[in-house]
Amino acid sequence: MKTQSMNSDLNKPKNQVRVRFAPSPTGYLHLGGARTALYNWLWARKSNGVFILRIEDTDVERSTKESVQEILGGLTWLGLSWDEGPYLQTDNLPKHVEAAQKLLVSGHAYRCFCTREELEEQRKAAEARKVAFMYDGRCRDLSPEMVDENLRNGMPYVIRFRVPRETSSVVAFEDAVYGRVEKKGQDIEDFVILRSDGRPLYILSNAVDDALDGITHVIRGADGLANTPKQVLIYKALGIDPPIFAHMPLTLDNRKAKLSKRTHGEVVTIAYYREKGFLPWALCNFMALLGWSSGGEQEFFSRDELTEVFDLSKINRSNSIFNYVPGDPRNWTDPKAIHFNATYIRTMPLEELIPFVKHELQEAGLWRGSFENGEKEWFLRTIDLIRARFLTLKDFSFRGRCYFADDFEFDESAVKKNLGKEPRLREFLPELASRMDRLERFEVHSIEEVFRSYSEEKSVKAGILINAARTAVSGTSVGPGLFEMLEVIGKEKVVNRLNKAVELVAS
RNA sequence: GUCCCCAUCGUCUAGCCCGGCCUAGGACACCGGCCUUUCACGCCGGCGACAGGGGUUCGAAUCCCCUUGGGGACGCCA
């Protein structure tokens, strides 16, 4: 029998964990979606399970190809690789319709001939009376004759699920995060599962797809919590064991509104973090902590560590806030996210950081092939020296420009402070330059020796010379220890820059 | 409006299930200090929370109830 075959189709064995990330391709991959993907990915990896990517593209008007690419690209960048898919929900449309038909045949669903207009009117009336609107079920018990007549007359109809109406009926499920969740049948309306044009609705498609894909754990945002009883009803009516549900708390903005591209702009999109110089794993690590904690005090986790320690039962129940304050240039995103990125940049193994730096320098036109060959040692040393003060990868090409190119900019206040207060620097800088030039071994100690002795000779505080030199060679007032900095920048450049900076000294 | 969920520093959170170890711990941010040629890092210190009210108990952040606050869902959207 057909019904039978469908059942075996839907009731998959559950000997392996199978999870999915099922975004609708109507926009960008954003923080909320990425976090959902991350939790699913973690759970799959932890359980040696399968992570499936499914594109819920049933909303044809709003779904776009670009959006699909955007999502795929975002996940790939984050390193959240999927094992199956991307599947397209629209590919399964016939199965969804088949499921609706099956429910109709088994009496779990019925045809409803009410028109949109009628329902809209009822809805408005209910609203005006300030009472909850719920479909009154007037088509629920139409006689077979009546149904036949309507069909003969070509009246359009939708298929609605027949929710158990007995006062005692309760739909319940055990959420892995929220615990037992119950809802009375009386509080659930007879929801539509198939449109009058024959297309299924999300509530149905989603459940059928999860069954078809053999999903064992549905890990999704808590906004799905209230819909879950309906899906449980569908599963049961279809004779399918529901998956385990794990709803994760939502991430809100600092005004406690749901995050959305529309209201928050690019700061909630994953692409933005990529552009702004985030390390993908730093972002993942940060996102993981929005609504989950290991229970201990560790906050930094490698992929393996996080996979190991991650658990659904440790997911929080209360919503978290993405603490981003618009208009704060220093904290252009949640300060803690920046902290994670900076700490990773500063402390991760150099060889893991280098590929990211390479990419950044290439984009800025600062990369030279020799950084991987003849100049490799120098390059590693330089990166190691400058990364300690950097917050994002962008810093390597902006704040780090003076290490790789001569056309760096001078910070006005730094010039004023370090070159503008001591006129004698017109004499000091060229002299320092020539002493640098005469050094046989241009390295930290010999450089320092020159500065120290010259400072004594001229009875000028070493700090004056040091800070002046810093600004002369880097254009700023901040950076690594000067002597290391000079060594790394190299004799020739240092000599040139010291001489050239005389122009900037106030007379 | 109805139903569901949630409630510890400004933010992320530990502790809650199995009451006493909590004068509530950590992280970010902020403010001091130390280090220092600058800025960071690091270290030391400070600020800062159990939403309110009732119970239960020898004892409650932890258990129960109410209130308040917040969020979510209520569509022929996904």
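Numbered from 1 within each chain, the chains take letters A, B, ... in sequence-line order.
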Starting at [atom1] of [X] and ending at [atom2] of [N], how long is that distance when rounded to a whole Å?
| X | N | atom1 | atom2 | answer |
| --- | --- | --- | --- | --- |
| A/Arg470 | B/A40 | CZ | P | 12 Å |
| A/Asp395 | B/A40 | CG | P | 14 Å |
| A/Phe113 | B/C76 | CZ | C1' | 14 Å |
| A/Tyr344 | B/C41 | OH | P | 18 Å |
| A/Ile55 | B/A78 | CD1 | P | 15 Å |
| A/Leu465 | B/U38 | CG | P | 14 Å |
| A/Phe410 | B/U38 | CZ | P | 21 Å |
| A/Ile193 | B/A78 | CD1 | P | 13 Å |

Exercise. Would you sort out whether A/Asn341 and A/Tyr273 count as a side chain to side chain donor-acceptor pair (under 3.5 Å), showing the intermediate values?
Key: CA-CA 10 Å; A/Asn341 201 49; A/Tyr273 290 82; over 6 Å; no

Considering every strand shown, what is the Watson-Crick or G-U wobble mate of [N] when both distances are under 3.5 Å?
| N | value |
| --- | --- |
| B/U68 | B/A7 |
| B/C50 | none |
| B/C34 | B/G42 |
| B/C76 | none |
| B/A60 | none |

Heavy atoms only, 4.0 Å cut-off, all strands: where does [X] land among base, sugar-phosphate and nothing?
| X | value |
| --- | --- |
| A/Gly479 | base |
| A/Ser196 | base |
| A/Gly291 | sugar-phosphate |
| A/Glu127 | nothing |
| A/Lys461 | nothing |
| A/Ala462 | nothing |
| A/Phe483 | base |
| A/Lys230 | nothing |
| A/Asn254 | nothing |
| A/Val158 | base |
| A/Pro480 | base |
| A/Asn319 | sugar-phosphate |
| A/Arg346 | sugar-phosphate |
| A/Gln89 | sugar-phosphate |

Tell me whether the side-chain N/O atoms of [X] come closer than 4.0 Å to OP1 or OP2 in [N].
| X | N | value |
| --- | --- | --- |
| A/Asn316 | B/A7 | no |
| A/Ser293 | B/A14 | yes |
| A/Arg389 | B/C41 | no |
| A/Arg195 | B/A78 | yes |
| A/Lys256 | B/G10 | no |

Proximity to the side chain of [X] - top-ranked nucleotide from [options]:
| X | options | value |
| --- | --- | --- |
| A/Leu289 | B/C12, B/A78, B/G72 | B/C12 |
| A/Leu290 | B/C12, B/U38, B/A73 | B/C12 |
| A/Glu189 | B/C12, B/A78, B/C74 | B/C74 |
| A/Leu250 | B/U37, B/G72, B/A78 | B/G72 |

Quiz item: Using 4.0 Å as the upper bound for N to carboxylate O, is an ion pair formed by A/Glu56 and A/Arg54?
Solution: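 Between A/Glu56 and A/Arg54 there is a salt bridge, with a charged N closer than 4.0 Å to a carboxylate O.
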
Quiz item: Do A/Asp253 and A/Arg255 sit within salt-bridge range, that is, some charged N less than 4.0 Å from a carboxylate O?
Solution: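 Looking at A/Asp253 and A/Arg255, the cut-off is met.
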
Measuring only the [atom1] atom in each nucleotide, how far is [N] from [M]? A whole number of Å is fine.
| N | M | atom1 | value |
| --- | --- | --- | --- |
| B/C50 | B/C12 | P | 16 Å |
| B/G55 | B/A49 | P | 26 Å |
| B/U8 | B/G52 | P | 11 Å |
| B/C9 | B/G15 | C1' | 14 Å |
| B/C16 | B/G10 | P | 23 Å |
| B/C63 | B/C17 | C1' | 10 Å |
| B/A51 | B/U62 | P | 8 Å |
| B/A27 | B/C65 | P | 36 Å |

Practice problem: Mark yes or no for whether A/Arg162, through its side chain, and A/Arg140, through its backbone, hold a donor-acceptor pair below 3.5 Å. | Solution: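 Such a contact is found between A/Arg162 side chain and A/Arg140 backbone.
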
May I ask you to check whether [X] and [Y] show a side-chain donor-acceptor distance below 3.5 Å?
| X | Y | answer |
| --- | --- | --- |
| A/Thr471 | A/Asn418 | yes |
| A/Asn227 | A/Tyr202 | no |
| A/Ser205 | A/His96 | yes |
| A/Asp190 | A/Tyr110 | yes |
| A/Asn92 | A/Asp209 | yes |
| A/Arg435 | A/Ser446 | no |
| A/Ser413 | A/Asp411 | yes |

Quiz prompt | Closest-nucleotide 5' rank along RNA chain B - winner of A/Pro249 and A/Asn467 | solution =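 Taking each residue's closest nucleotide, the earlier one in sequence belongs to A/Pro249.
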
Self-check item: Residue whose closest nucleotide on RNA chain B lies nearer the 5' end, A/Lys314 versus A/Glu484
Solution: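 The residue closer to the strand's 5' end, by nearest nucleotide, is A/Lys314.
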
Report, one pair per line, the protein and nucleotides 1-5 of chain B atoms (nitrogen or oxygen only) whose separation is under 3.5 Å.
| from | atom 1 | to | atom 2 | distance (Å) |
| --- | --- | --- | --- | --- |
| B/G1 | O4' | A/Lys130 | O | 3.2 |
| B/G1 | O2' | A/Lys130 | O | 3.2 |

Quiz prompt | Lys NZ or Arg CZ of A/Arg35 over A/Tyr39 ring: under 6.0 Å, within 45° | solution =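 Ring-cation test returns yes.
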
Practice problem: Scan nucleotides 19-33 of chain B nucleotide by nucleotide, 5' to 3', and note B when protein non-hydrogen atoms come under 4.0 Å of the base, S if they reach only the sugar-phosphate, - if neither. | Solution: ------SBBSSS---

Practice problem: Report the relative orientation of the aromatic rings in A/His247 and A/Phe245; use parallel for angles under 30°, tilted for 30 to 60°, perpendicular for over 60°. | Solution: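 Parallel, since the angle between the ring planes stays under 30°.
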
Exercise. Evaluate the ring planes of A/His108 and A/Phe161, with Trp represented by its six-membered ring, and classify them as parallel (under 30°), tilted (30 to 60°) or perpendicular (over 60°).
Key: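 The arrangement is parallel - the two ring planes meet at less than 30°.
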
